[in-house]
Number of protein chains: 2
Amino acid sequence: MPTTARERARAEITAEITDLARAQLATVGAAGLSLRAVARELGMVSSAVYRYFPSRDDLLTRLILDGYDALGATAEEADDPTAAPAERWLTVCRAVRRWALAHPHEYALLYGSPVPGYRAPQDTVPAAIRVGAVLGRVLGDAARAGQLPAASGVVTVTISEATAEVLGGEHPALDDTVRARGLLAWSSLFGTISFELFGHFTGAVTDADAFFDAAMRDLAGLLGL
Amino acid sequence: MPTTARERARAEITAEITDLARAQLATVGAAGLSLRAVARELGMVSSAVYRYFPSRDDLLTRLILDGYDALGATAEEADDPTAAPAERWLTVCRAVRRWALAHPHEYALLYGSPVPGYRAPQDTVPAAIRVGAVLGRVLGDAARAGQLPAASGVVTVTISEATAEVLGGEHPALDDTVRARGLLAWSSLFGTISFELFGHFTGAVTDADAFFDAAMRDLAGLLGL
DNA sequence: CCGTGTCAAGAGCGCCGCTCTCGATTGCGT
DNA sequence: ACGCAATCGAGAGCGGCGCTCTTGACACGG
């Protein structure tokens, strides 16, 4: 609730800075993001921008957080809890890919190489796991609906408790082996998108959409969905 | 065959530059690679380095090429063509992961976000596909040894001819559906390694080695190995 | 031994992140 | 309503960056 003129101006300018930074991200990439260029385009002197973001990395962190939130919201909105598990899975995966293709540079910022001296901002974690949480919910709902095959009983991996909670919660059909497959499917989703976006697939498949769908269905099959 | 003193000196200094650059890569990352710093550490003036590499990007390209070759060689050496297909697959995957963990910044250079404004020279392709070729050979050998289940016949994806050649060649057990699974497994391998290396798994699994092995075995199962 | 080509060095251009100082403006508490 | 403190934009400046151009020294093939 910004009431005073100063607070309103501050919020407005902050938004302008992040918007311009996002635009610059799309043209020069994360490593090339220049606070001076943002200031120039904003008609401000570079030092003034430091009133709003104490450093270039803080601005980058802001963009990362916004990116995770935007992608997370996209995934959450795409999920239809009433649909069949396999369809839910595919739909969410498609939504994630669509967002990535529409915002390649933001995606690269989130899932590419960590930027320079790389900060470990703990406060990005809640935003970062939103997509994984949606996928985990699909898995957990399927288990609770009895639509997941019984767990094999053979467990060679141990998943941390907090992660298990996100990956569908407790259920007899969900042991750590199944949860580990969930992690694999999660990273495979992003691995596939990254390979497509970063050019490792160029010339390999003729219909990227069909390949992605087939791949995600294979992953769903692996999960028993 | 450098014979003249000049040629020998040039080759030597070129090697020194790439070595120092690789070392700097490990400390500051690709985005922070500075030609001036390399020159400084070499006791040269920055402009002199430009006699050896016309630009910072050319030096980077060299490092990328060397990286792909090093990783490719690692994968090739790890593969034991006499072993069982599933074991070959796991062994190669482990070797790739081991190299990635030992050379995280080089790995990030190869499989992380593309460097902004940096064009991927076409001559990196042969080096880049070496790992995929090893994995494809495992698949193809398994097919030719009759150790791959028959193809389903249901094909929804089309793989380019050149890629199909790399992915095991021609065999009745290898249709484009199987090959697409090969591409999925390939990108999943690197997706899993990237997630581990870039910190997306932190706190999720307690034993990263066991998780990776389980994940790669799951992928092998998906491929029918 | 001499001309040619290669080399390191230096100066310089415009960019960067970031800091500090200095007036101007704003707004809160009195 | 007013004065003091917080906030703001501007400017100058620091060191470092990639990259270019010029200069003088050196090695080498003819």
Side-chain angles (χ1 to χ4, degrees), chain A residues 1-18 20-25 27-64 109 114-119 121, chain B residues 1-18 20-25 27-64 109 114-119 121:
Chain A
M1 294 293 158
T3 76
T4 95
R6 201 168 250 165
E7 276 172 331
R8 242 181 305 117
R10 181 169 187 86
E12 225 167 90
I13 295 184
T14 303
E16 278 183 54
I17 292 176
T18 57
L20 274 173
R22 230 185 312 276
Q24 201 183 95
L25 203 66
T27 66
V28 294
L33 201 166
S34 148
L35 237 156
R36 282 176 120 111
V38 171
R40 208 179 305 123
E41 232 161 317
L42 216 124
M44 278 210 297
V45 94
S46 74
S47 58
V49 178
Y50 284 84
R51 300 268 183 208
Y52 298 86
F53 291 93
S55 81
R56 177 185 171 279
D57 281 8
D58 285 85
L59 175 55
L60 222 53
T61 300
R62 177 77 218 196
L63 295 182
I64 291 178
L109 184 62
V115 201
Y118 112 108
R119 47 169 58 250
Chain B
M1 295 296 153
T3 80
T4 96
R6 249 223 259 282
E7 276 172 330
R8 243 181 304 119
R10 182 171 186 85
E12 224 167 272
I13 295 184
T14 303
E16 278 183 55
I17 292 177
T18 57
L20 274 172
R22 229 186 313 276
Q24 202 184 94
L25 202 67
T27 66
V28 295
L33 200 165
S34 150
L35 237 155
R36 282 175 119 109
V38 170
R40 208 180 307 122
E41 231 162 317
L42 217 123
M44 278 208 297
V45 95
S46 73
S47 57
V49 178
Y50 285 85
R51 299 260 181 212
Y52 299 88
F53 291 94
S55 80
R56 178 182 171 279
D57 279 8
D58 285 86
L59 176 53
L60 222 53
T61 299
R62 178 77 220 194
L63 295 181
I64 290 177
L109 185 61
V115 184
Y118 171 81
R119 86 285 174 198

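Just so it is clear, the structure is predicted and the values come from calculations on it, not from any experiment. Labels below follow one simple rule: chain letters A, B, ... track the order of the sequence lines, proteins then strands, and each chain is numbered from 1.
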Discussion item. Here's a test of your reading of the structure: between A:Ala48 and B:Arg56, which maps to the more 5' nucleotide of DNA chain D?
Written reply: A:Ala48

Practice prompt. Write down the distance between CZ (B:Arg36) and P (D:dC17), rounded to a whole number of angstrom.
Written response: 6 Å

Worksheet item: Roughly how many Å is it from CG in A:Leu42 to P in D:dA10, rounded to a whole number?
Response: 10 Å

Item to complete: Calculate, to the nearest 0.5 Å, the distance between atoms CG and CG belonging to B:Asp58 and B:Leu63 respectively.
Response: 11.0 Å

Worksheet item: Could you state the CG-C1' distance from A:Asp58 to C:dT19, rounded to the nearest angstrom?
Response: 16 Å

Worksheet, complete the sentence: Between OH of A:Tyr52 and C1' of D:dA6 the distance, given in whole Å, is 14 Å

Side chains of residues 38-46 of chain A: which donor-acceptor partners sit under 3.5 Å, not counting sequence neighbours?
none

Worksheet item: Looking for any heavy atom pair under 4.0 Å, which part of the strands does A:Ile13 touch: base, sugar-phosphate only, or nothing?
Response: sugar-phosphate

Discussion item. Any side-chain N or O of B:Arg10 below 4.0 angstrom from OP1/OP2 of C:dC7?
Written reply: yes

Worksheet item: How close or far is atom C1' of D:dA27 from atom CD of B:Glu12, stated in whole angstroms?
Response: 16 Å

Worksheet item: Got a donor-acceptor pair under 3.5 Å from the side chain of A:Ser47 to the base of D:dG11?
Response: yes

Fill in: Side-chain N,O (B:Tyr50) to OP1/OP2 (D:dC21) below 4.0 Å
no

Practice prompt. Let me know the distance between CG of A:Leu35 and C1' of C:dC15, rounded to the nearest Å.
Written response: 14 Å

Worksheet entry | Nucleotide nearest B:Met44 (side chain, heavy atoms from C-beta), chosen from D:dG11, D:dG18, C:dA8 | C:dA8

Response to the item:
Rounding to 0.5 Å, atoms CG (B:Leu35) and OH (B:Tyr50) come to a distance of 4.5 Å

Practice prompt. Name all residues meeting the side chain to side chain contact (heavy atoms under 4.5 Å, CB included) criterion together with B:Arg10; count only those two or more places apart in sequence or in a different chain, and write none if there are none.
Written response: B:Thr14, B:Tyr52

Worksheet item: When we call it a touch if two heavy atoms are under 4.0 Å apart, what does B:Leu33 touch: a base, just sugar-phosphate, or nothing?
Response: sugar-phosphate

Worksheet item: To the nearest 0.5 Å, what is the distance between CD1 (B:Ile13) and OG1 (B:Thr18)?
Response: 12.0 Å

Worksheet item: So does A:Arg51 get a side-chain nitrogen or oxygen closer than 4.0 Å to the phosphate oxygens (OP1/OP2) of C:dT25?
Response: no

Discussion item. Between C1' on D:dC19 and CZ on B:Phe53, what's the gap in Å once rounded to a whole number?
Written reply: 16 Å

Worksheet item: In whole angstrom, what separates B:Glu7's CD from D:dC28's P?
Response: 10 Å

